[in-house]
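For the numbers below, each heavy atom of this structure counts, side chains included, while hydrogens, waters and symmetry mates do not.
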Amino acid sequence: MSRKKKDKAPAQNQYGREWFDRDYDAKTVYRRLWGYARRYKGIILAGMLLGMLTGGAWTPIFMMVKPLAEQLIPAAPAPVEQAAEPTAAPAPAQAAAPLAEQGGKEAQKLTSSLGKYNAFLERFGLSLTDSEGNAKAPILALVLILFSGAVALKMVTQYLNQYFLTKAGMKVVLDLRNTMFAHLQEQSLAFHGRSDVGKLMSRATGDPAIVQTIISSTMSDLCRAPFEVLSAVLFVCFYAVNNGMLSLFLITVFGYPLCMVPVVLIGRAIRRWTSRMLEQSAGTGSNFHENLTCIRVVKAYNTEASEIEKYRGVTLRQYKMGMRAVRLSILVGPMTELVAMVLAGGFVALCAVQGKSFVDVIPLLPPFIILYKPMKQIGRIQIALENGRAALQRIFSLLDVHEELVEKPDALPLTAFNDAIVFDHVDFRYNGTEDLIIRDANFTIRRGQMYAVVGSTGSGKSTLANLLARFYDVTSGHVCLDGHDVRDYKIADLRNVVGAVTQESILFNDTIAANIAYGSPGATREQIVEAAKLANAHAFIMEHPEGYDRVVGEKGFVLSGGERQRVAIARAILRNPPILILDEATSALDTVTEQQVQEAINALMKNRTIFAIAHRLSTIRKADCILVLDHGVIKERGTHEELYALGGLYRRLCDIQGEQQEA
């Protein structure tokens, strides 16, 4: 058993299962899908009823076949006995002429099939004959009109059936995609840190398309195909019983269900391989997204060939998974057809043995021909439902993971910062890990003060800032703002009070004006321009002909590093938060650009409480207090002069940077 468990885990990783994936039974996923489809139940029910009418519309069409055959196919002339007087014998041509071609004043007689319909109409005071039993109108024209009407009814109902269900399917997919996107927005940074962006994109955009197929196409087939089969089977059974074809009746009742055996046997295997194909597809999307995101590095290190080879390997695995599912799904059709052909052959043989005429047999041919398509559709329904279950499992696995920060029902509003920020014996570790990232952090930042935190890479500097903005919740202790734990406030209010300018300036593929106004939807163009001037960005913006309407490209690709930083600073100035987190925004810039950005930061820092993460120690010499972190522990605290005079860890950091600068 242990060997099996060991073998199972790598297989799951190979096919790209995420840490939050789980398995659901078919009843669960489709009940939850109905929860999304329920709001469109009117459209869905209308589509289903129209699908049933489409399937049932075959019945009057089948019933018109024999009357048409009787009108179009001449009856065999009855044997003529030798008469004593030749002149008394009826003319053979007249006896054999089709009823539809008899003209003149001679009345047309109803055929035996139409006679049954006439008897039915007489119950309602209607009749196809006159008082002498002769037809009132040409029978062939009448039958053709009825036949055409039944076909037209079927075409209209089929169109409306597909239209309504396709519309419902697209609406459900729209809701699913919006729900998944909103759910991802609500998750904490801890969730996004553990999840692959490309796979999330595939799950949130690609998988719902399979759900649309279930509702629009599969449900359409599910409503129509069984009724087409039922209509054909009932007609065949009715006709067989009324025409002495009991053996045919038994074949229909007990034989055709055998066509579903291949579907049931293969369905589970199809779902398993489809699920693996979707997981591998997510891996392909992840690789594609990662490559384009890191295209600068790919170009810099001349690794295009290896990236192409890597992507080919990923797509090849996806292809193999897909082909396994395809091989199984294609097998259903031929196996179903084989069973149907065997049954049809048995039917033809029985008709030949029983000596049935062509006119007697021809009404049974359309039902058997029509049965072929809906039987294949029913087979595809099972396959589609298994594919849908695989996609829905991935969708609901994502929707059922809850890593979002919990806001209290009675959360307090927060409109301003008036007093102090307090870290009260704070410990923090990431979910699923044992090692503490922050240990017993304890300090107070008064309103208007500047606190800075320094330390080596991985010491926990950014984590302290993330706890202040409540991107994560503390493991123990408290982060307090004006006397209340930050977990007591409304999250939206807290984020309005705490702003941030990070080392990596994230810009959206939009205009410069839109990027500056991001998070400040009511900002006017004058306010945007003023913020840009304070951020020392107005000059370079106006150098371009499009000015503030210039599109910056993916992640600000068309701007330099310093320009991106100044746009991000302008965004923070416009937002005007009383508390500002500065993750050293000048560490990756050249000297001239650093000076321009630093001037913008100085404008931003006025009249604000600052929590600065320092990489270049020269930028924090004027801080009211400097915290020195080492493996999550505050080892030293004080002003620059106090810490430098202490001769400890801070002094060594300063000396190292001084040596690097001299070199």
Are Y489 and D482 close enough, and set up right, to give a side-chain hydrogen bond (donor to acceptor under 3.5 Å, both in side chains), and what steps lead you there? CA-CA 11 Å; Y489 291 116; D482 286 349; 5.2 Å; no

Are any of the side-chain nitrogens in [X] or [Y] under 4.0 Å away from the carboxylate oxygens of its partner?
X	Y	value
R525	D549	yes
D175	R39	yes
D630	K635	yes
D410	K490	no

Apply salt bridge (Lys or Arg N to Asp or Glu O under 4.0 Å) to residues D485 and K408 and explain how you reach the verdict. CA-CA 12 Å; D485 194 300; K408 294 182 178 180; over 6 Å; no

Check step by step if side-chain hydrogen bond (donor to acceptor under 3.5 Å, both in side chains) holds for E404 and H402. CA-CA 6 Å; E404 61 266 35; H402 292 285; 3.0 Å; yes

Might you work through the ring pair (Phe, Tyr, Trp, His ring centres under 6.0 Å) test for F423 and H478, ending with a clear yes or no? CA-CA 6 Å; F423 276 67; H478 302 275; over 10 Å; no

Note, [X] side chain near [Y] side chain (heavy atom, < 4.5 Å):
X	Y	answer
V552	F557	no
F417	L481	yes
V401	F191	yes
L392	L33	yes
V567	F540	yes
L494	V498	yes
V479	V426	yes
I491	L405	yes

Is there a donor-acceptor pair under 3.5 Å between the side chain of [X] and the backbone N or O of [Y]?
X	Y	result
R177	T205	yes
N466	F471	no
S397	R22	yes
D427	D440	yes
Y518	F508	no
S459	S456	yes
R566	N536	yes
D488	H484	no
H192	L184	yes
Q393	A390	no

Can the positive tip of R637 be found less than 6.0 Å from the middle of the six-membered ring of F443, inside 45° of the ring normal?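 Not flagged: R637 not positioned over aromatic ring of F443.
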
State the [atom1]-[atom2] distance between [X] and [Y], to the nearest 0.5 angstrom.
X	Y	atom1	atom2	answer
C480	L468	SG	CG	11.5 Å
T609	R446	OG1	CZ	11.5 Å
E403	Q187	CD	CD	7.0 Å
R394	L399	CZ	CG	12.5 Å
F611	M450	CZ	CE	10.5 Å
I421	I445	CD1	CD1	4.5 Å

What do the steps show when you test R550 against D510 for salt bridge (Lys or Arg N to Asp or Glu O under 4.0 Å), and what is the final call? CA-CA 8 Å; R550 182 185 183 188; D510 206 336; over 6 Å; no

Residues S195, W19; criterion side chain to side chain contact (heavy atoms under 4.5 Å, CB included); working and verdict: CA-CA 8 Å; S195 304; W19 57 272; 3.4 Å; yes

Of all the heavy-atom pairs spanning [X] and [Y], show the shortest one and how long it is.
X	Y	answer
G477	V474	O-CG2, 3.4 Å
A572	V501	CB-CG2, 3.7 Å
L467	V486	O-CG2, 4.5 Å
P577	V497	CB-O, 3.5 Å
D583	S462	OD2-OG, 3.9 Å
L574	I528	CD2-CG1, 4.1 Å

Working note: T415 + D493, criterion side chain to side chain contact (heavy atoms under 4.5 Å, CB included); need CA distance, chi angles, decisive distance, verdict. CA-CA 7 Å; T415 58; D493 289 351; 5.7 Å; no

Verify side chain to side chain contact (heavy atoms under 4.5 Å, CB included) between R194 and F20, making sure each step is shown before the conclusion. CA-CA 10 Å; R194 298 175 63 188; F20 52 79; over 6 Å; no

Please indicate whether H631 has more than 12 foreign heavy atoms, meaning atoms of other residues, nucleotides or ligands, lying under 6.0 Å from its NE2.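 Not more than 12 within 6.0 Å, no.
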
Is the count of non-hydrogen atoms from other residues, nucleotides or ligands lying under 6.0 Å from N418 atom CG greater than 12? yes

Output, in order, the C-alpha distance, side-chain angles, deciding distance and verdict of side chain to side chain contact (heavy atoms under 4.5 Å, CB included) for H640 and C654. CA-CA 10 Å; H640 168 74; C654 289; 4.2 Å; yes

Quick one: sort the F396 and Y36 rings into parallel, tilted or perpendicular, breaks at 30° and 60°.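 Plane angle under 30°, so parallel.
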
Test side-chain hydrogen bond (donor to acceptor under 3.5 Å, both in side chains) applied to R38 - qualifying residues, sequence neighbours left out: none

Pair R651, Y644 - check side-chain hydrogen bond (donor to acceptor under 3.5 Å, both in side chains), show working. CA-CA 5 Å; R651 172 71 173 265; Y644 193 84; 3.3 Å; yes

Which of these, I610, I569, I620, I613, sits in a side-chain contact (heavy atoms from CB on, under 4.5 Å) with L582? I610

